[in-house]
Structure formats: C-alpha cells, structure tokens
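Worksheet for the structure shown next.
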Amino acid sequence: MQFTDLLNLDQELSELITTHAVIKTYKPGDTIISQGAYKDQTAFISKGLIKVFIEQENSSLLLYHLCSDSNSIASFMNIFTHTPIEVSMQAIHEASLLWIPNSKIMEWSERYICLKLALINSYQNNRYHLRTALKNLTINTLEDRLYEYLQTKSKHYKTCDLKIPHAEIAMDLNFSREAISRAIKRLEIIKKVIRKPRSIVLVNM
C-alpha cells in the first residue's frame, strides 16, 4: 500500500497493519470523526483526501488536510490518554482508512523505530499546519487567507481550475458568503484568479 512506502514502514510491520486493521471507506462529505468523540484508534490513510477542522456552535474553521500521498496518518494525539477528540474530520474525496487500536500502535512503536519516527513526523506536520492556521487567522487578511486556501486546494486537487462552491469556502474560512465573494473579486482585480461561472481559476500557478 502507498502509505507503507511513504512512511518507510518495513515489510513485517506492513503485514501486521494489514492483518490487524479494520478497513473503512468513506464517500465525499462523510464524517470520519466528530469533535468531542472518543476514538482509541489510529488510522493509516490508504486512499483519499480528508479535511481536519474545528467546530463551534454554528461555525467551523478548516485547519489542514490529510491525504494518502503526503501526511497519511490520522492520529488524534490521544494514544497515551483517553481524552475526547479535539477536531473533526471529513472526507473530501473517497477515502479508505485502516484503523488500528492504539494499544497495538503503542506496542509496535516500541518494536519498530520506523513507526515511532512516522508518528513523530505526523505530529510535527500537524503542529506546523496548526501554527500556520493560527498565523493566518491572526495576521493575514481575508484575501491572503483565501489565496493560500485556493493554493492548497489546487495542490491537493492537482488542478488550477477549482470547482469549489462559495458556501464551502465560507464555511472552511469561517466568513460569510458575501465576504468570500468580495474577496474573490479583489483577487481577480489584482490578477491572482479568474472567476468563471462554476469555478475559480488560479493564475500563474
């Protein structure tokens, strides 16, 4: 599986994961985990793209993405403590996850240094994206945040022609649809995007 090569997992550990995993598939829009739930498991992402976000009352805020070809571990950072999950996860593309009990993850991380390193790298990657999200939230303008958001989507979708509804962008960035529409217009004026009837095209990507 792709994630075993990405994470540099050896053959013996890869076979253990395949043997003990519960494989679950998710369609686009499916909830993988809800904020506040308890999940004593860690998942390896075999396929798909997942968004990680926080929810509060009637709003949400996108934090970062997980995908099978980059950061392919869905860990809730509660391997050593039985605490509620602090984020929600939702499938953007059809996803396939291999769920492993945390008791096995703890056992294997002591036996296989490659797994311990993969978990540390995953934590560090998530912390980096959290710091970036906080910086964007507190320092950058809406136009800056929107443009970085579109760049990230372009990277994950592998296209500059993004068919993302304004309502979805507004939810991810926690702004009104009207504010997002105005920001897109301003990005078009400075020639960073081109608006089309059903999509947004990034310029000079």
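FYI, the numbering just counts along the sequence from 1. As the structure is a prediction and not an experimental result, all values here were calculated from the model.
- Between the side chains of Ser122 and Asn125, no donor-acceptor pair of N or O atoms lies under 3.5 Å.
- With a 4.5 Å cut-off on side-chain heavy atoms, Val203 and Ile194 count as touching.
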Checklist entry - Can you list the steps and then say if Lys24 with Trp99 is a side-chain contact (heavy atoms from CB on, under 4.5 Å)? => result CA-CA 8 Å; Lys24 295 184 179 181; Trp99 291 98; 3.8 Å; yes
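- Under the 4.5 Å side-chain contact rule for hydrophobic residues, Tyr64 and Ile33 share a cluster.
- A distance of 5.0 Å separates NZ of Lys153 from CG of Asp172, quoted to the nearest 0.5 Å.
- With hydrogens and angles ignored, the 3.5 Å screen pairs a side-chain donor or acceptor of Thr141 with a backbone N or O of Asp144.
- Side chain to side chain, Glu55 and Ser60 fail the donor-acceptor criterion of an N or O pair below 3.5 Å.
- Checking side-chain atoms of Thr25 against main-chain N and O of Ser96 turns up no donor-acceptor pair under 3.5 Å.
- With a 4.5 Å cut-off on side-chain heavy atoms, Leu16 and Arg111 count as touching.
- If you look at His20 and Trp108, their ring centroids are closer than 6.0 Å.
- Ion pair Glu94/Lys27 not flagged as a salt bridge, since none of the NZ, NE, NH1 or NH2 atoms sits closer than 4.0 Å to an Asp/Glu carboxylate oxygen.
- Under the 4.5 Å side-chain contact rule for hydrophobic residues, Ile200 and Phe175 share a cluster.
- When each of Ile50, Asp69, Leu98, Ile32 is tested with Ile45 by the rule side chain to side chain contact (heavy atoms under 4.5 Å, CB included), just one qualifies, namely Ile50.
- Between Asn136 atom CG and Leu61 atom CG the span is 9.5 Å, to the nearest 0.5 Å.
- Below 30°, between 30° and 60°, or above 60°: for His65 and His156 the angle between ring planes is between 30° and 60°, a tilted geometry.
- Counting heavy atoms from C-beta on, the side chains of Leu137 and Arg145 come closer than 4.5 Å.
- The shortest side-chain heavy-atom distance between Thr42 and Ile73 falls under the 4.5 Å cut-off.
- Taking the side chain as every heavy atom from C-beta outward, Ile54 and Gln35 approach each other to under 4.5 Å.
- Annotation: side chain of Met89 is not in contact with side chain of Thr31 (no heavy-atom distance under 4.5 Å).
- To the nearest 0.5 angstrom, Leu9 atom CG is 5.0 Å from Ser14 atom OG.
- Atom CZ of Arg177 sits in a sparse spot, with 12 or fewer heavy atoms from other residues, nucleotides or ligands closer than 6.0 Å.
- Annotation for Ile92 and Lys51: closest pair CD1-CB, 3.6 Å, computed over non-hydrogen atoms.
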